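Only one structure is covered here, and it is reproduced in the block below.
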Number of protein chains: 4
Amino acid sequence: MTGGRRRSETSRLAILDAARDLLLEGGYEQLTIDAIAGRAGVGKQTIYRWWGSKGAVVADAALEGGLAQPLTPLPDTGDIETDLRRWLRAWTEHLTTAQGTGLILALTAATADDHTVADVLFERFTQPHEQLLRDRLERARGAGQLASDAPVPTIASVLIGSLLYRVLTRQAPPTVDDADLVVRLVLGGAG
Amino acid sequence: MTGGRRRSETSRLAILDAARDLLLEGGYEQLTIDAIAGRAGVGKQTIYRWWGSKGAVVADAALEGGLAQPLTPLPDTGDIETDLRRWLRAWTEHLTTAQGTGLILALTAATADDHTVADVLFERFTQPHEQLLRDRLERARGAGQLASDAPVPTIASVLIGSLLYRVLTRQAPPTVDDADLVVRLVLGGAG
Amino acid sequence: MTGGRRRSETSRLAILDAARDLLLEGGYEQLTIDAIAGRAGVGKQTIYRWWGSKGAVVADAALEGGLAQPLTPLPDTGDIETDLRRWLRAWTEHLTTAQGTGLILALTAATADDHTVADVLFERFTQPHEQLLRDRLERARGAGQLASDAPVPTIASVLIGSLLYRVLTRQAPPTVDDADLVVRLVLGGAG
Amino acid sequence: MTGGRRRSETSRLAILDAARDLLLEGGYEQLTIDAIAGRAGVGKQTIYRWWGSKGAVVADAALEGGLAQPLTPLPDTGDIETDLRRWLRAWTEHLTTAQGTGLILALTAATADDHTVADVLFERFTQPHEQLLRDRLERARGAGQLASDAPVPTIASVLIGSLLYRVLTRQAPPTVDDADLVVRLVLGGAG
DNA sequence: CGATAAACGAGACGGTACGTCACGTCTTCAT
DNA sequence: ATGAAGACGTGACGTACCGTCTCGTTTATCG
C-alpha cells in the first residue's frame with residue numbers, strides 16, 4: 001500500500017488563509033466550515049479529512065497563519081523591569097487592535113468549547129509564550145534582580161492572566177499604563 | 001384590557017433549573033434551547049419571551065440558579081494577607097470541582113461568543129465580585145496595610161486573572177499553594 | 001397535548017407542485033430534495049417531516065399533482081371490445097407524450113428503488129386503475145361477452161403489463177394499432 | 001508506439017463479480033462505484049477507464065456475471081401451448097427467488113434511470129429473449145397452431161409484460177398457475 | 001537487455017446532495 | 001394574555017459518493 005495522491009499544500013494553505021480572513025472579518029461565531037471551504041475553493045471533506053473541528057482549524061490558522069504575535073524571545077536589556085514592561089506593552093497594544101482582540105476571543109471560545117483544541121493551543125501557543133517569559137525571569141533571578149525564592153511560574157501566569165482578564169471582560173481594552181502598573185505590582189508588591 | 005395571565009414563576013424557575021442541569025451535564029456547546037424547553041416542560045416561546053438568547057438564559061441560570069460561588073463579602077480579620085488567602089483559596093477550591101470548572105468554561109464560552117452576554121455577566125457577576133475584593137483592599141490601604149499608592153483595581157484584576165488563566169489552560173487545576181504564592185507575590189513583589 | 005401549529009396546506013401543495021415541475025423538466029435523476037425545497041420556498045425538514053424519501057414525494061406528486069391519468073371509470077358502451085380499445089388507446093396516447101413517459105419511468109424507478117414507495121403506489125395508483133378495468137371486465141362477463149370462466153385478473157394484468165413493457169424498453173412508444181392488437185389478442189386469442 | 005501494460009482480466013472479472021454481489025445484496029440504489037472498487041480490490045480509475053457509468057457496469061455484470069436466466073432456445077415439443085407454458089413457468093420460478101426478483105428490480109431501476117443503460121440492456125438482454133420467443137411462435141404459426149394473422153410481436157410483448165407487471169407491483173410473486181392462465185388467455189382469448 | 005509507457009491500487013481532490021439539528025418565529029388550542 | 005405544543009423557513013452541520021487527478025508500482029513491448 002504505497003500509492004495515493006499526496007496532501008495538497010495549496011489547499012492546506014488556502015484553508016488556513018480563508019479561516020484567518022473570515023475570523024478577522026466576522027469573528028468566531030460567523031465562522032463556518034462552509035464559508036471556509038467556499039472561500040478557500042475547497043471541498044468540505046478536505047477540511048474534515050485533516051482537522052477534527054472548527055476549533056482545530058482556527059487553532060492552526062492562529063499558529064501558522066501569522067495571526068498570533070510572533071514568538072520572539074523577550075529583549076534582555078539587563079533590566080528586568082524594562083523588559084517586562086516592553087513585553088507586556090507589546091501584548092497590550094496587540095490586544096488593542098480589533099484583530100488582536102478578535103483572535104484571542106476566538107481562541108478562548110475554541111478553548112472553552114473543546115478540550116482537544118485547548119490542549120493543542122496550550123502546547124503550541126500558550127506554553128511557548130509562557131516559556132519565553134519564564135526564561136527571562138530566570139535570568140533576572142540569576143542576576144540578582146529578583147529574589148532568590150521568586151516564584152517564576154506564578155509571576156508568568158499572573159502577567160498573562162491579567163491580560164486575559166482584560167480581554168475577556170470586554171470592557172475597556174487594557175492600556176499601556178495598565179501594563180506598567182501590573183509590572184510594578186508584580187515586581188514591587190503592594191505591601 | 002386589564003387582565004391577562006401573569007408570568008409563571010414556576011416556568012421561570014423550571015427553565016433556569018433545566019439550563020443549569022444541562023450546562024453541568026454537557027457544557028455550553030451541548031446546551032440547546034430545545035433541550036431546555038423540553039427538560040423544563042415549557043414551550044420555546046416562553047423562553048424567547050423573557051430572554052433574548054441562549055447566552056442570556058445561561059447567564060441568568062449562573063446567577064440565580066445557585067451555580068456561582070455566593071456573593072459574600074470578604075472576611076475582615078484585620079490582616080489583609082490572611083483575608084486574600086482565604087478568598088483566593090475558596091475560589092481555587094471551587095474551581096477544583098468539575099462543576100466549578102465546567103461553569104467557568106461555559107460562562108467563558110458564552111462571553112467570548114456573545115457581546116451582550118459578556119456585558120450582562122460582567123455587570124452582574126464579574127464586577128460585583130471584583131468590587132468586594134476592591135472594598136477589602138481599600139480598607140486595607142486605609143489601615144496602612146497597603147502602600148498609599150497601591151493600585152487597587154490592578155491588584156484585583158491580577159488576582160482574578162491568575163485564576164482565569166489556570167482554568168482556561170485546562171492543564172492542572174490550581175492548588176491552595178498556588179493561591180498562597182499569588183497572594184504573597186501581589187503583596188510582597190518579586191523584586 | 002392539544003396545541004401545536006397545524007400542517008401548512010400551502011407548503012404541502014408548493015412541495016408537490018415543485019416536485020411535479022422539476023420532474024417534468026429534468027426527470028427523476030435530476031430531481032433532488034434540495035431543488036424541491038428551493039423551488040417550493042420551503043425548508044428541507046418540512047419535506048422530511050411528512051415524506052420519508054424522494055420516491056414518496058414523487059408518488060404523492062403523481063397522485064395529487066395531477067400528473068397521472070385521471071381515475072375515471074371505463075366507458076360502458078355495452079361492447080367490451082370497444083371499451084377496452086378506448087381505455088388502452090387513451091393510455092397509449094398518454095404514454096406517447098414526454099410527460100407521460102417521464103412520469104411512468106420516474107414512478108417505476110421509485111418503485112424499483114424503494115419497497116415502501118412501491119406499496120403506496122400500488123395501493124393508490126396501480127390497484128385502483130386495475131380495479132376499474134376489472135369492474136368493466138366483470139360486467140362484460142355478466143353480460144355474456146366474455147367466457148364464464150374468463151380469468152379477469154389475468155386479463156387486467158396482461159393489458160397493463162403490455163403497456164409497461166413498451167415504456168420500459170424505451171424503444172418506440174406504443175401506437176394506437178398496438179393497442180388494438182393487444183385487445184384483439186386478449187379477447188380472441190391467437191390459436 | 002512502444003508497449004504498455006495490457007488490460008487486466010483479473011480486475012475486469014473482479015469488478016463484475018463485485019458489482020453483481022453488491023447488486024444482489026443491496027439493490028441498484030445502494031450500489032456505488034466506491035463500493036465496487038473496494039470490494040473488487042481495484043482503483044476507481046480502473047472502473048472509469050473501461051466503463052462510462054455505474055449503469056454500464058451493472059449492465060455488463062448482469063450480462064456477463066451469469067445473473068440472468070441463460071439464453072437458451074425454447075423447447076420445441078411440437079405443441080406451442082406446452083412450450084410456452086414451460087418457458088413462462090421457468091421465468092416465473094426464476095422470479096420467485098430473491099435473486100431473480102432483485103436482479104429484475106435492479107435492472108429496471110437502471111433502465112428507468114439511464115437511457116444508455118436501457119439501450120444496452122434492451123439490445124443484449126431483452127431483445128434476444130424476445131427473439132427466442134418470437135422464433136418459436138413463428139414456427140407454431142407455420143405449423144398451423146396459431147392463426148395465420150396472429151400478431152407474433154404482440155404475443156411476445158404481452159407474455160413478457162405480464163411477468164414484468166407482477167414483479168414491479170411487488171405484491172405476491174407470480175405463481176405457476178398464473179403462468180398457465182396467461183398462456184391460455186393469449187392462445188385462446190377471453191371472448 | 002534496458003528504456004518506455006500504459007494500466008494498475010491507492011487515495012486526495014473540488015463538488016453536489018444528502019438527511020439531521022438547532023435556531024428563532026409563527027400558529028393553534030387550552031388555561 | 002400567557003403557556004405548552006409543535007410546524008415553519010433558514011442555514012450549518014458532518015457524511016457519502018461522484019468523477020477527476022496525482023502518486024508510486026507493476027507489467028508488457030520495443031529498440
Side-chain angles (χ1 to χ4, degrees), chain A residues 1-8 10-12 14 30-38 40-50 52-54, chain B residues 1-8 10-11 14 29-38 40-50 52-54, chain C residues 1-8 10-12 14 30-38 40-50 52-54, chain D residues 1-8 10-12 14 30-38 40-50 52-54:
Chain A
M1 78 178 270
T2 46
R5 194 179 182 171
R6 304 298 186 208
R7 177 173 184 180
S8 162
T10 307
S11 295
R12 202 189 119 256
Q30 264 78 354
L31 189 63
T32 68
I33 295 285
D34 280 314
I36 296 174
V42 137
K44 281 201 288 178
Q45 197 59 53
T46 299
I47 299 179
Y48 285 111
R49 198 172 355 251
W50 303 109
S53 68
K54 190 171 70 172
Chain B
M1 308 225 173
T2 55
R5 198 170 169 177
R6 301 293 181 235
R7 177 172 184 181
S8 161
T10 308
S11 295
E29 351 156 35
Q30 267 76 354
L31 189 64
T32 68
I33 293 287
D34 282 303
I36 296 173
V42 138
K44 285 202 288 177
Q45 196 58 246
T46 301
I47 298 179
Y48 284 108
R49 208 181 334 260
W50 304 108
S53 68
K54 187 172 74 173
Chain C
M1 213 146 298
T2 45
R5 195 177 181 171
R6 296 315 161 93
R7 176 173 185 179
S8 162
T10 308
S11 295
R12 201 189 121 258
Q30 264 77 355
L31 190 63
T32 67
I33 295 286
D34 280 315
I36 296 173
V42 137
K44 281 201 287 180
Q45 198 60 54
T46 300
I47 298 180
Y48 285 111
R49 194 168 4 247
W50 303 109
S53 67
K54 189 171 71 172
Chain D
M1 277 289 156
T2 57
R5 196 174 175 175
R6 300 304 181 209
R7 178 173 184 180
S8 162
T10 308
S11 294
R12 200 187 122 259
Q30 267 74 357
L31 189 64
T32 68
I33 293 287
D34 282 301
I36 296 173
V42 137
K44 284 202 290 177
Q45 196 59 248
T46 300
I47 299 178
Y48 284 110
R49 205 181 338 261
W50 304 108
S53 68
K54 187 172 74 171

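As the structure is a prediction and not an experimental result, all values here were calculated from the model. Quick note on labels: first sequence line is chain A, next is B, and so on, each numbered from 1.
Between the side chain of D:K54 and the backbone N or O of D:L31, at least one donor-acceptor pair lies under 3.5 Å.
Applying the 4.0 Å criterion to OP1 and OP2 of E:dA12, one finds that A:S11 has every side-chain N and O outside that range. At the phosphate of E:dA6, neither OP1 nor OP2 sits under 4.0 Å from any side-chain N or O atom of D:W50. Close to E:dC29, at under 4.0 Å from its OP1 or OP2, lies a side-chain N or O of C:R6. Put simply, B:T46 has a side-chain N or O that comes within less than 4.0 Å of OP1 or OP2 on F:dA4. Taking 4.0 angstrom as the limit, B:R49 places a side-chain polar atom (N or O) nearer than this to OP1 or OP2 of F:dG3.
Residues D:A37 and A:R7 both approach DNA chain E. Their nearest nucleotides, taken by heavy-atom distance, put D:A37 toward the 5′ side. Residues C:G41 and C:G4 both approach DNA chain F. Their nearest nucleotides, taken by heavy-atom distance, put C:G4 toward the 5′ side.
In this structure, B:I36 places its CD1 atom 16 Å from C1' of F:dA4, rounding to the nearest Å. In this structure, CD1 of C:I47 is placed 13 Å from C1' of E:dA17, rounded to the nearest angstrom.
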Q | Pairing annotation in dot-bracket form, given for DNA chain E with Watson-Crick or G-U pairs under 3.5 Å and | for cross-strand partners | A | |||||||||||||||||||||||||||||||
(Q) Walk along nucleotides 14-20 of chain F from 5' to 3' and tag each nucleotide B, S or - by protein heavy-atom contact under 4.0 Å, base first, then sugar-phosphate. (A) BBBSBBB
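Contact check for A:R7 versus A:W50: side-chain heavy atoms found under the 4.5 Å cut-off.
Closest heavy-atom contact between D:S8 and D:S11: OG-N, 3.0 Å. When every heavy atom of A:A37 is checked against every heavy atom of A:G43, the shortest pair comes out as CB-C, 4.3 Å. Nearest approach of C:A14 to C:A40, heavy atoms of both residues: O-CB, 3.5 Å.
For the side-chain contact (heavy atoms from CB on, under 4.5 Å) test, residues two or more places apart in sequence or in another chain that qualify with C:T32 are C:D34, C:A35.
Separating the CD1 atom in C:I47 from the CD1 atom in C:I33 is a distance of 5.0 Å, to the nearest 0.5 Å.
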